[in-house]
**Student:** 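My questions all concern the structure below.
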Amino acid sequence: MTTLLDDYALISPLRNRNNWLKLIIVAFGLLVGVSSTSPVTPLFIALSMSIATVFLGKTPLKLYLKILTAPLGFAFAGAVVIFFFFGSGSEILSFNIFGYPFIANSEGINMATLVVSRTFSGMCCLFFLAFTTPMVELFAVLKKTRLPESFIELSMLIYRYIFVFLDVAMSIKYAQTIRLGYKDVKSSIYSFSMLVSTLFLQSWEQGEKLYLAMDSRCYNGKMMMFDAKRPVELSEIITASLYFIFILTIFYFTKNISVV
């Protein structure tokens, strides 16, 4: 479960496509989705990216919807606040809770809808990249962008050990759970504090082991990364160009459309 995204990225049919092309498509979707003044364009981008991830990338639909739940939950929570406390215009909904008035107007509804659609669009773009491109290949692409090598290498180590420590934490918590370590509030606090302290010691030991392992292999400050050569086909360029044109067309003709 801790390597879920990379597992699906490694077996995705879209993994064999050019990484730069996928990055350009994702960057285009993010920029246009955030720049849109109407929810129509972000929602279309989210739909197209979801179709590409699920049907072309062979990502299980149930898993994809489950992962989208968390960011959309935060987006809807923020949208509720915007819905009732921001904007002006004609009143759409009004009620009182404990004597405090809650009023929703047209501008607040439009703003809340736009925030949710932009968030949905951005997350679908990022999940398309995550489910179709392994992180190792993304780091190789970043290295070609002339970013500082120390930044890339630290990012690689941090990404790798997130899953190592998460696996250790899950194992410890499972052992505590079967020993009734979370049977009540007092036991839960004690068990959680023991988990955190053990994980800290484990991270310290793993760091020392990593240093010794790299030093024994004559680490000179540079990590070699594999970068597969995947040329962009003409059909892919034409398809991406048509997609960009279609998105920009929707962006232009729907810029004044609002929910209310």
Side-chain angles (χ1 to χ4, degrees), residues 12-14 17-59 61 64-94 103-133 138 141 232-260:
S12 174
L14 294 179
R17 303 298 179 182
N18 185 273
N19 293 328
W20 285 100
L21 180 62
K22 287 186 283 187
L23 282 172
I24 291 172
I25 293 173
V26 169
F28 177 83
L30 287 172
L31 290 174
V32 175
V34 171
S35 303
S36 178
T37 57
S38 169
V40 177
T41 304
L43 289 176
F44 181 81
I45 293 173
L47 178 63
S48 59
M49 288 294 178
S50 299
I51 291 174
T53 305
V54 174
F55 293 100
L56 300 181
K58 304 300 181 183
T59 302
L61 179 60
Y64 184 72
L65 294 176
K66 183 178 180 180
I67 290 180
L68 275 177
T69 302
L72 283 180
F74 284 106
F76 279 115
V80 170
V81 177
I82 297 173
F83 188 83
F84 288 107
F85 298 102
F86 289 86
S88 58
S90 58
E91 184 178 307
I92 305 297
L93 180 65
S94 178
I103 302 173
N105 50 62
S106 57
E107 188 176 341
I109 294 174
N110 292 331
M111 192 183 303
T113 307
L114 185 60
V115 167
V116 173
S117 63
R118 285 177 173 177
T119 305
F120 188 36
S121 172
M123 294 310 304
C124 288
C125 290
L126 293 178
F127 283 139
F128 167 77
L129 189 64
F131 275 111
T132 59
T133 311
L138 285 179
V141 171
V232 183
E233 299 178 0
L234 180 61
S235 59
E236 295 174 349
I237 296 176
I238 294 174
T239 303
S241 300
L242 292 176
Y243 177 72
F244 293 163
I245 294 172
F246 191 66
I247 291 294
L248 291 175
T249 303
I250 296 176
F251 177 84
Y252 178 77
F253 285 104
T254 62
K255 58 184 179 181
N256 296 323
I257 294 179
S258 58
V259 177
V260 181

**Student:** Mind checking salt bridge (Lys or Arg N to Asp or Glu O under 4.0 Å) for Glu236 and listing every partner two or more places apart, or none if nothing turns up?
**Tutor:** Arg17

**Student:** With rounding to the nearest 0.5 Å, note down the distance linking CG in Leu65 to OG1 in Thr59.
**Tutor:** 11.0 Å

**Student:** If I take atom OG1 from residue Thr239 and atom CG from residue Leu234, how far apart are they, to the nearest 0.5 angstrom?
**Tutor:** 9.0 Å

**Student:** Between Ser36 and Thr41, which heavy-atom pair has the shortest distance, and what is it?
**Tutor:** OG-CB, 3.6 Å

**Student:** Roughly how far, to the nearest 0.5 Å, is the CD1 atom of Ile237 from the CG atom of Leu242?
**Tutor:** 12.0 Å

**Student:** Who pairs with Ser50 by side chain to side chain donor-acceptor pair (under 3.5 Å), at least two apart in sequence or on another chain?
**Tutor:** Tyr64

**Student:** Can you name the nearest heavy-atom pair linking Asn18 to Leu21, along with the distance?
**Tutor:** OD1-N, 3.0 Å

**Student:** Spell out, as yes or no, whether a donor-acceptor pair under 3.5 Å connects the side chain of Ser117 to the backbone of Leu43.
**Tutor:** no

**Student:** Please report, to 0.1 Å, the donor-acceptor pairs under 3.5 Å made by any side chain of residues 119-130, with sequence neighbours excluded.
**Tutor:**
| from | atom 1 | to | atom 2 | distance (Å) |
| --- | --- | --- | --- | --- |
| Thr119 | OG1 | Val115 | O | 2.8 |

**Student:** Could you list the residues that satisfy ring pair (Phe, Tyr, Trp, His ring centres under 6.0 Å) with Phe44, not counting sequence neighbours?
**Tutor:** Phe246

**Student:** Checking Leu56 now: which residues fulfil side chain to side chain contact (heavy atoms under 4.5 Å, CB included) with it, not counting sequence neighbours?
**Tutor:** Leu14, Ala52

**Student:** Please enumerate all residues that pass ring pair (Phe, Tyr, Trp, His ring centres under 6.0 Å) together with Tyr243, with sequence neighbours excluded.
**Tutor:** none

**Student:** Not counting sequence neighbours, list each pair that qualifies as a salt bridge (Lys or Arg N to Asp or Glu O under 4.0 Å) and has a residue in residues 109-123.
**Tutor:** none

**Student:** Enumerate donor-acceptor pairs with a distance under 3.5 Å from any side-chain N or O in residues 74-86 to protein atoms, sequence neighbours excluded.
**Tutor:**
none

**Student:** Who passes side chain to side chain donor-acceptor pair (under 3.5 Å) against Thr133, sequence neighbours left out?
**Tutor:** Lys22

**Student:** Run the ring pair (Phe, Tyr, Trp, His ring centres under 6.0 Å) test against Phe251 and tell me which residues pass, sequence neighbours left out.
**Tutor:** none

**Student:** What pairs with Thr132 under side chain to side chain donor-acceptor pair (under 3.5 Å), at least two apart in sequence or on another chain?
**Tutor:** none

**Student:** Taking only residues two or more places apart in sequence, or in another chain, which ones meet Lys58 in a side chain to side chain contact (heavy atoms under 4.5 Å, CB included)?
**Tutor:** Pro13

